[in-house]
Undergrad: 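Quick one: structure below, then a few questions.
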Amino acid sequence: MKNIIAFAGSNSKNSINKELVTYASSLITEANVTILDINDFGLPIYGIDLENSQGIPDNAHRFLEAIKKSDGILLSLAEHNGAYSTAFKNLFDWMSRIEGKTFYGKPMLLMATAPGGRGGASVLEIAKNRFPYHDAEIVDVFSLPFFGKNFENGKITDKELDEKLKTSIGKFEKAVSEADLSKEVA
Ligand SMILES: Cc1cc2nc3c(=O)[nH]c(=O)nc-3n(C[C@H](O)[C@H](O)[C@H](O)COP(=O)(O)O)c2cc1C
C-alpha cells in the first residue's frame, strides 16, 4: 500500500481547506493517507539572520521528511490577500532552504477553497506556476468556490463539483500508481 500525505496550507483550527483536504482523503481508495496539520510543525518567521545564527529548525526537516517519504501529496491552500497564507509560506520558505526540490517529484493534487466565488483562484495560480520549480508534479488543480454553500457535513454538496473532485482524485491515484511503475522499471 502506498502512502499519501494530505494537508491544508492554513494554520486555522477551523480551516475550511483542512475540511476539504480531509474529504478528498476519504475518496482515496488505493493508498493510506496521513493527514498532517501544519500547526504541529511550528516555526519562527523565516529570516536569513535567524537561519545564519540558529540554523534550520527541526520542524522544517520533519515536514520535508514527510514529503520525501510519501508517494503523493494532497494539498489545499488557504488564500490570504490573493496569495499563500503566511503560515504555509513560512513552512515552504524554511523547507526550500533545506531542499530546493521541495516536493521531490511527487504527484500532487493541488486544491483550494474559500468562502467566496473565486475559490482561491489567485493562490492556485501562484502555486501552479511556482511549485514545478520545486519539483512538484501537479496532476490536477481543483477549486471549491462558496465553501459555505457547497460543503456540508464533511462533504461537497454540489453534485457537479463533487464529480469534478472525484475525477481529479482518479487522475491523482493513477499518477501515484504510474510513478511507482516507472520506479520499478528504473
Ligand atoms: C488576512 C486574510 C486575507 C484573506 N484574503 C482572501 C483572499 O484574497 N481571497 C479569498 O477568497 N479569501 C480571502 N480570505 C478569506 C479566507 O479565504 C477564509 O478566511 C478561509 O477560511 C481561509 O481558509 P482556511 O479556513 O482554510 O484558513 C482572507 C482571510 C484573511 C484572514
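Counting convention: from 1, in listed order, for ligands and their atoms alike.
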Undergrad: Are I16 and P115 close enough that some pair of their side-chain heavy atoms sits under 4.5 Å apart?
TA: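 Yes, close enough: below the 4.5 Å cut-off.
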Undergrad: Using a strict 4.0 Å cut-off to heavy atoms of N17, name the atoms of ligand 1 that fall inside it.
TA: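 Once the distances to N17 are compared, the set is 23 (O), 24 (P), 26 (O).
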Undergrad: Which of the atoms of ligand 1 are close to S12, meaning less than 4.0 Å from one of its heavy atoms?
TA: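 Checking each atom against S12, I get 27 (O).
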Undergrad: Would you check if L77 and N17 make a side-chain contact, meaning some heavy-atom pair closer than 4.5 Å?
TA: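 When only atoms from C-beta onward are counted, N17 and L77 do not touch, as no gap falls below 4.5 Å.
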Undergrad: Counting non-hydrogen protein atoms only, what is the nearest one to atom 5 (N) of ligand 1? Give residue, atom name and distance.
TA: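 Scanning the protein heavy atoms, the shortest distance from atom 5 (N) of ligand 1 goes to N81 N, 2.7 Å.
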Undergrad: Polar-atom distance check: T113 versus ligand 1, any N or O pair below 3.5 Å?
TA: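 Such a contact does not occur with ligand 1.
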Undergrad: Using side-chain heavy atoms (C-beta onward) and a distance below 4.5 Å, is L161 in contact with L144?
TA: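 Yes, at least one pair of side-chain atoms sits under 4.5 Å.
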Undergrad: Can you tell which of W94, F7, F88 makes a ring pair (Phe, Tyr, Trp, His ring centres under 6.0 Å) with F63?
TA: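 Considering W94, F7, F88, a ring pair (Phe, Tyr, Trp, His ring centres under 6.0 Å) with F63 is found only for F7.
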Undergrad: Name the closest protein heavy atom to atom 25 (O) of ligand 1, giving the residue it belongs to and the distance to 0.1 Å.
TA: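 For atom 25 (O) of ligand 1, the nearest protein heavy atom comes out as I16 N, 2.9 Å.
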Undergrad: Which bit of S15 is near ligand 1, meaning a heavy atom under 4.0 Å away: side chain, backbone, both or neither?
TA: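 Looking at S15 and ligand 1, atoms from backbone and side chain both fall under 4.0 Å.
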Undergrad: Quick one: do D162 and K155 make a salt bridge, cutoff under 4.0 Å?
TA: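 No, this pair does not count.
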Undergrad: For atom 27 (O) of ligand 1, what's the nearest protein heavy atom and its distance?
TA: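 Looking only at protein heavy atoms, the one closest to atom 27 (O) of ligand 1 is S10 OG, 2.7 Å.
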Undergrad: For the ring pair F92 and F103, is the centre-to-centre distance below 6.0 Å?
TA: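 Aromatic pair counts; centres sit under 6.0 Å.
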Undergrad: Assess whether salt bridge (Lys or Arg N to Asp or Glu O under 4.0 Å) is satisfied between K128 and E125, documenting all intermediate values.
TA: CA-CA 5 Å; K128 202 171 73 175; E125 199 55 27; 3.6 Å; yes
Undergrad: Among all protein heavy atoms in this structure, tell me which lies nearest to atom 30 (C) of ligand 1, with the distance rounded to 0.1 Å.
TA: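 In this structure, atom 30 (C) of ligand 1 has H80 CD2, 3.6 Å as its nearest protein heavy atom.
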Undergrad: Counting only heavy atoms, tell me which of P115, S76, A78 gets closest to atom 22 (C) of ligand 1.
TA: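 Among P115, S76, A78, the closest heavy atom to atom 22 (C) of ligand 1 comes from A78.
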Undergrad: Taking 4.0 angstrom as the limit and counting only heavy atoms of A114, give me the atoms of ligand 1 inside it, by number and element.
TA: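 Within the 4.0 Å cut-off of A114, ligand 1 contributes 11 (O), 17 (O).
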Undergrad: Please compare E79, R118, K13 and report which has the shortest non-hydrogen distance to atom 28 (C) of ligand 1.
TA: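 Nearest option to atom 28 (C) of ligand 1, by heavy atoms: E79.
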Undergrad: Please list, in number order, the atoms of ligand 1 under 4.0 Å from a heavy atom of G82.
TA: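 Heavy-atom distances to G82 below 4.0 Å select 7 (C), 8 (O).
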